[in-house]
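As the structure is a computational prediction, the values presented were derived from the model and not from experiment. The first residue in the sequence is number 1, and the count goes up from there.
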Amino acid sequence: MNIESDTASSHPRLLRHYIDGEFVAGDVTFQDLSPVDGSQVALVCEADAQAVDRAVRAARAAQLAGWRDTTPAQRADWLYRIAQGIEAHFDAFVATEVADTGRPVAQARTLDVARGIANFRIFADLVRTANSEFFETHTSDGGELINYVTRKPLGVVGIISPWNLPLLLLTWKVAPALAMGNCVVAKPSEETPGSATLLAEVIHEVGLPRGVFNLIHGHGPNAAGEFLTRHSDISAITFTGESRTGSTIMKTVADGVKDISFELGGKNAAVVFADADFDAAVDGVAKSSFTNAGQVCLCSERVYVERPIFERFVAALKQKAQALRVGAPEDPATTMGPLISQHHRDKVLSYFRLAVEEGANVVTGGDVPHFGDARDRGAFVNPTIWTGLPDTARCVTEEIFGPVCHVAPFDSEDEVISRVNHSAYGLAASIWTTHLTRGHRVARQIETGIVWVNAWFVRDLRTPFGGAKLSGIGREGGRHSLDFYSELTNICVKIG
């Protein structure tokens, strides 16, 4: 399997499933289209129910055949081999990620692929050093008890990953699932199947035992995604995506009482106090609103600015937005790429129209760029800032997932905390202030899974990550991932 030559070919690739150690084609295919110019990137096989069943059965067989009995050190070695395999084909992964998402090349190199490699290494190190809880107690008859906790694999884990950070979020799930001795059936988004296929090729190349990792391509409802979640031999489902899809999956797996881990939508807030480092806050909010064209679950779509600096802040943020260079990913000057698809652009543009209908003041953007070349067939929109909407407006309450934010003034700490928390979502928030006592105090009252103070999109990967309310169930990261991907068993032994 020559990964480099396959990705460099001028002809669209056929992306196949990877089942039981073999690449398998299907009778039905669909197009993977470039968000930059609408051209065909690849043809992708669509998994039917039989293909999904084969993948799950292969994973179950591999689990019983010995993968569950491997030691943590052995599994860590495999994760390191996979990381080294990705690293060996680094440029191919970058090219594939860029072709599928249209994101700037520099971002794919420094974030997406680098983080994919790091995910395997981090969880390899964690599983080598994971500690077990141990307790000594005494019984009423003078005897002694020892209690210790073991982690056993769940079995077969179904992984459904999104299109916004394809390799990063897929490996964030695959690595700990394998580390804990599970076998995997992964389904990437139909919008971004390329890097998942390359990962399967690397896994095949390094010789991971057949059936331990399986990959199926396809759509969600009444297709591969639903076939996977409904399969009786799946032990757990981990999903990152829309809240409505997460709700559907919950209903699907409810009868089987399967373990679930969901990272879902968000309508994240940024809070800027008047005493903030002004330039750092403007730069931070610009990044949190427009990075990856706003297609990051952690992006800020609601910005609250203390009234004394409100007008100045809006003007400065407008300058930042207008300085962004929207364009093709290979152009070194590009700082913002397209949305993922024409379908998603239609959704974002519908909110641009709705905002005007709801009475928004369009500070900048609200339209699409025109290039006069093939990029006009792409899914580009301009970075957009609104003011003037009430907190009840749909554009302030509903997740848009594009390069847009609404900026509103506030007058007191209690007021802004109430407004931030008045949301159906609870994924992330950021606070900008030089008064660190206030930063700590406000952070404790924000109803989200993660709060940044004077920062955004940085954290230790060993910390818990996840959302509250409609933003998810469970936590990933560090030992929290290890706990989800394993069955915790307490063993109690009476001595004497």
For this session: Please answer whether the main-chain N or O of T229 pairs with a side-chain N or O of T252 as donor and acceptor at a distance below 3.5 Å.
Result: no

Exercise. Do you see a donor-acceptor pair shorter than 3.5 Å between the side chains of T489 and K152?
Worked result: yes

Problem set entry | E191 side chain to H343 side chain, donor-acceptor N/O pair below 3.5 angstrom | no

Exercise. Is R459 atom CZ crowded by more than 12 heavy atoms from other residues, nucleotides or ligands, each under 6.0 Å away?
Worked result: yes

Problem set entry | Geometric cation-pi criterion R75 and W78, 6.0 Å radius, 45° cone | no

Problem set entry | Heavy-atom side-chain contact between S423 and R302 under 4.5 Å | yes

Problem set entry | Residue pair V296 / N164: nearest heavy atoms and the distance that separates them | CA-ND2, 3.8 Å

Exercise. Should we say atom CG of D373 is surrounded by more than 12 heavy atoms from elsewhere, each under 6.0 Å from it?
Worked result: yes

Exercise. Counting only heavy atoms not in D460, do more than 12 sit closer than 6.0 Å to its CG atom?
Worked result: yes

For this session: Check whether more than 12 heavy atoms from other residues, nucleotides or ligands sit under 6.0 Å from atom NZ of K287, and answer yes or no.
Result: no

Problem set entry | Identified side chain to side chain donor-acceptor pair (under 3.5 Å) counterpart of T197 within the set H217, H17, R13 | H217

Exercise. Looking only at heavy atoms, what is the nearest atom pair of E301 and G402, with distance?
Worked result: OE2-N, 4.0 Å

For this session: Please list, chain by chain and in numerical order, all residues satisfying ring-ring contact (aromatic ring centres under 6.0 Å, His included) with F484, sequence neighbours excluded.
Result: none

